[in-house]
Amino acid sequence: MLAYLWMSPLLPLLGSAINALFGAKWPNKFVNLAAIGSTGLSFLCALEAVREFLDSGQVLFRKEFFTWITAGDFRAGFDLQVDQLTVVMVLVVTGVGWLIHIYATGYMAHEGGYYRFFSYLNLFMFFMLILVLAANYVLLFVGWEGVGLSSYLLIGFYFLKKSASDAGKKAFIVNRIGDFGFMLGMFLLFRAFRTLDFQTLFDAQHAAGWPVEAYGQFGTITIACLLLFMGATGKSAQLPLYVWLPDAMEGPTPVSALIHAATMVTAGVYVVARSHILFTHAPTAMLVVAIVGCATAFFAATIGLVQTDIKKVLAYSTVSQLGYMFLACGVGAFTAGIFHLMTHAFFKALLFLAAGSVIHAMGGEQEMSKMGGLGKKVRCTYATMFIATLAIAGIPPFAGFFSKDAILFSSFQSPTGGRVLYAFGLLTALLTAFYMFRLIFLTFSGKPRYDEKKVHVHESPWSMLGPLVVLAILSVIGGWFVLPTFFQGPDYFANFLGPIFGGHESVEAATEAATHQFELILAGVAVAAALIGLAVAYWLYIKRPSKADDLAKSMKPAYTTLLNKYYVDELYAAAVVRPLLWLSTNAFWKATDVAGIDGTVNGIAHGARAIGDGVRHSQSGNTRSYAVWVVVGAIVVLAVIFFWPVASKTALGLVR
C-alpha cells in the first residue's frame, strides 16, 4: 500500500465526484454508500500503509509519483511521504473523519442538498490527506488551499441563510490574509535554499546546517518562519486572525466537528511541527509562536466563560486549545503539541457531535438558557459528553490530562518566559474546566427551561450515537501512551516521534534534569486548578443558580465586554472593513471608475455625438447652400496647396 499511497486521498475525491455527478437523483442510502464507503476504504488504506511502515523499521518512505512543475532548477512533484508524524496525522484525519461521516448520515438525514453536503465533506477529506501526506511545501499548499475552499463551501452550506453565507465568506477572506504570508514564506525559503522539498530542505546541507539566528536577529530563517506562522494563525484561528472560527458555527454540526475541531484547524500546528528544524534555528520566531499561542489560549477561554450558544462555547474552546498546541511548539515541545493535537481531535470531535445530538434532541435549539434537565432524557449523549468534558478539563485518567500536563510542564521548563507562560497556561486550564462544566450543568442538570409540551426531547439514532461511543472510548484511553512515565517508565508517544523531533526539542535537556517528583507536583497543581474550575461551576449553576446572574449584574462592564467578545469584530469593522468600503465606494468606484474611466469613454462618445449633430445641419437639401460649401472647400484646398510649402520652410528654419 505504501507504493500506492495515492489511493488513500484519491478514494474520498472519487466519492466526492460520484455524489456531485449522480447524487441529486439518488436516494440517501446510495449517497451514504459512496460517501462512507470511500472514506472507510481510505481509512483501511491508511491502516495498511501504517502497518507496512511499522514493519519496514519505521524508515521514512517517500515516493515521487510524477513531476508537476519544473522551471529551471526548481521542481515540484506529486511526491508523498510517510514518517512518524504523518502516521499520527493520517490516522486522525481518516479515522475521526470516517466516524464523523457516519454521524452525519443521521444528523443530515432530513436536510436539503444531502448529496451536496457529502460531496463537499469528501472533498475536504481529499485535500486534508494531500496536506498531511505531501513531501514538499508546494503540494502541501495545494491541500492547504483546498481545505480552505472546502471549509468555505461547508460553512456556507445553508447558503440561503445570510449569516451562514457571510460566515463562509469571512472564513475564506481571513484565511487568504494568512495564506499571503504563507506564500511569501515559501518564496523566501526557495530563494535561500533553492528547494521546497522537505527531505532536501531539512537535511544537514540546507536548513539543518544553517546557523542559529539569535534572539532579536531577523535573518532569513526567522522571517520565513514568521511568515509561515502567519499562515498558521489564519488556518488555526490564532490572534489576530481567529475571528472566522466562531462564526463558522453557522455550518452544520458535523462540519464543526470535522473541520473546526479535529482536522483543518490543526493544519497550522502540523506545519509548524513539520517545519520544526526551521523554527529551532529561529528562537525569536519560536518565542512569537509561544506568546501568541499562550495569549490566544487565555483570551479565547475568557470569552467562553459567558457564551450562551452551546456551539459558540465549543468554538472558543477550540481556539483556546489550539493556543495550547502552539504554546507547546513555541517552547520547543513539539511532541507535546502533536500529542495534544491527537487527543484534542478525540474529545473535541466528541464534544461537537454530542452538542449536535443535543441540538437534534431539542429540535434545533442551540441556546443553553433554553435547555436544562436533559441528562435523564438523552442519557447516552449526556454520558459521552461528560466524558469529553472530563478529558478537556484535564481530569485524570482521561486523554486531555496527559497531553495538557505535558504542555504545562514543558512551558514551566522553558528558559524564556517559562514561568509566565506556565502561569497563563494554568489559569487557562482553570477557566476551561469552569466553562465546560458550566455547559454541562446548564444543558443537562436542573429543571427544564423549555416548554415540555412543545419540545419533544428524544435520543439520537444509533448512526449518531455509535460514533459518540467510539470517540468517548478514545477520549478515555487516547492519552495512555504516556501513562508509564508517571511510574518512571517509557513515554511511548515521545519514543515513536523521536526520529522526527528527538534531536530538536529545546526543552528536552531541561526535562531530563527535572526530578520526577517535581513533574508529579506540577501535574497535581494542574488537576487542582481543573477541580477548582469544576467546583466553582457546580456552586454557581447547581447549588446557587441565582448567584451567576447576580455576579453578572455586579460585574456588568466586564460581563458585557466578554459577551461581546472584546468588541474585536466591531474594531475590525471600524478600522478595516468600513474604511475599505468607503475607499472602494468613493475612490475606486465613484472617482476612478465612474468619473475617470466611464467619464472619459462617455465624454468621447458625447463629443463625437455633438460634432456629428453639428455637422448634420450642413445637410439642408438647399442647392445654393451646397454651392457655398463647395466654394469654401475649394478655397481651403487651394490655400493648403499654395501656403503649405512656405509654412513648412519657415517652420524648418525656426527649428534650425
Side-chain angles (χ1 to χ4, degrees), residues 290-291 293-307 313-314 316-328 330-331 333 336-337 339-340 343-344 347-348 351 386-414 417-441 475-476 479 482-483 485-486 507 511 514 516-543 548 551 558 562:
I291 292 173
C294 185
T296 304
F298 178 75
F299 177 84
T302 59
I303 298 176
L305 296 174
V306 299
Q307 297 303 304
V313 175
L314 297 180
Y316 283 105
S317 172
T318 298
V319 175
S320 182
Q321 296 303 306
L322 289 166
Y324 268 120
M325 299 174 206
F326 281 111
L327 171 60
V331 299
F339 189 33
H340 196 57
T343 60
H344 177 262
F347 58 71
K348 184 52 65 65
L351 284 169
F386 190 75
I387 289 173
T389 302
L390 292 171
I392 194 174
I395 305 297
F398 298 90
F401 162 73
F402 298 100
S403 56
K404 191 177 293 185
D405 175 69
I407 293 173
L408 292 175
F409 183 60
S410 299
S411 300
F412 190 89
Q413 295 294 326
S414 175
R419 302 298 191 272
V420 176
L421 296 174
Y422 171 79
F424 276 97
L426 185 65
L427 182 57
T428 302
L430 188 154
L431 298 178
T432 301
F434 173 80
Y435 68 67
M436 286 307 306
F437 280 102
R438 169 180 175 265
L439 181 152
I440 290 292
F441 296 145
S475 297
V476 175
V482 302
L483 182 60
T485 59
F486 286 84
V507 298
T511 302
H516 180 62
Q517 290 77 10
F518 185 62
E519 183 178 2
L520 293 178
I521 290 172
L522 290 184
V525 171
V527 173
L531 292 176
I532 291 172
L534 189 161
V536 173
Y538 181 79
W539 183 69
L540 285 176
Y541 296 100
I542 298 296
K543 299 295 291 183
L551 193 61
L562 294 179

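Below, each value reflects all heavy atoms present in this structure, side chains not excepted, and no hydrogens, waters or symmetry copies.
- A side-chain hydrogen bond (donor to acceptor under 3.5 Å, both in side chains) check over residues 391-403, counting only residues at least two apart or in different chains, returns the pairs H340-S403, T343-S403.
- Partners of V482 by side chain to side chain contact (heavy atoms under 4.5 Å, CB included), not counting sequence neighbours, listed by chain and number: F339, F402, T485, D491, F493.
- Residues M436 and L314 meet the side-chain proximity criterion, which asks for heavy atoms closer than 4.5 Å.
- Taking both residues in full, the closest heavy atoms of L408 and G425 are given as CD2-C, 3.6 Å, listed atom of the first, atom of the second, then distance.
- By the side chain to side chain donor-acceptor pair (under 3.5 Å) test, K348 is found to be paired with S317, T318, H344, residues two or more places apart in sequence or in another chain being considered.
- Taking each heavy atom of L426 and A529 in turn, the nearest pair found is CD1-CB, 3.9 Å.
- Between F347 and F398, the ring centre distance reaches or exceeds 6.0 Å.
- Taking OH of Y316 as the start and OG1 of T432 as the end, the distance is 15.0 Å to the nearest 0.5 Å.
- Rounded to the nearest 0.5 angstrom, S410 OG and L522 CG are separated by 10.5 Å.
- Considering all non-hydrogen atoms of both residues, L327 and C294 come closest at CD1-CB, 4.1 Å.
- In this structure, the side chain to side chain donor-acceptor pair (under 3.5 Å) partners of Y541, at least two apart in sequence or on a different chain, are R438.
- In this structure, the separation between CZ on F299 and CG on L562 is 9.0 Å, given to the nearest 0.5 Å.
- Every residue two or more places apart in sequence or in another chain was checked for a side chain to side chain donor-acceptor pair (under 3.5 Å) with Y422, and none qualifies.
- Contacts of F401 classified as ring-ring contact (aromatic ring centres under 6.0 Å, His included), with partners at least two apart in sequence or in another chain: F486.
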* To do: Run the numbers on Q413 and V331 for side-chain contact (heavy atoms from CB on, under 4.5 Å), then give the verdict.
  => CA-CA 9 Å; Q413 295 294 326; V331 299; over 6 Å; no
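- In this structure L534 satisfies the side chain to side chain contact (heavy atoms under 4.5 Å, CB included) test together with F437, sequence neighbours excluded.
- With sequence neighbours left out, the side chain to side chain contact (heavy atoms under 4.5 Å, CB included) criterion links A301 to S320, T428, L431, Y435.
- The two residues A433 and A530 make their nearest non-hydrogen contact at CB-O, 3.2 Å.
- In this structure, CG on L540 lies 5.0 Å from CZ on F434, to the nearest 0.5 angstrom.
- The CG atom of L439 sits 11.5 Å away from the CD atom of Q307 when rounded to the nearest 0.5 Å.
- At least one donor-acceptor pair closer than 3.5 Å links the side chain of K404 to the backbone N or O of I392.
- For V420, the side chain to side chain contact (heavy atoms under 4.5 Å, CB included) partners at least two apart in sequence or on another chain are F424.
- Note that CZ of R419 is 11.0 Å distant from OG of S411, once rounded to the nearest 0.5 Å.
- Using a 4.5 Å cut-off on side-chain heavy atoms (C-beta onward), L390 and V476 make no contact.
- Taking every heavy atom of both residues into account, V527 and G394 meet most closely at CG2-O, 4.1 Å.
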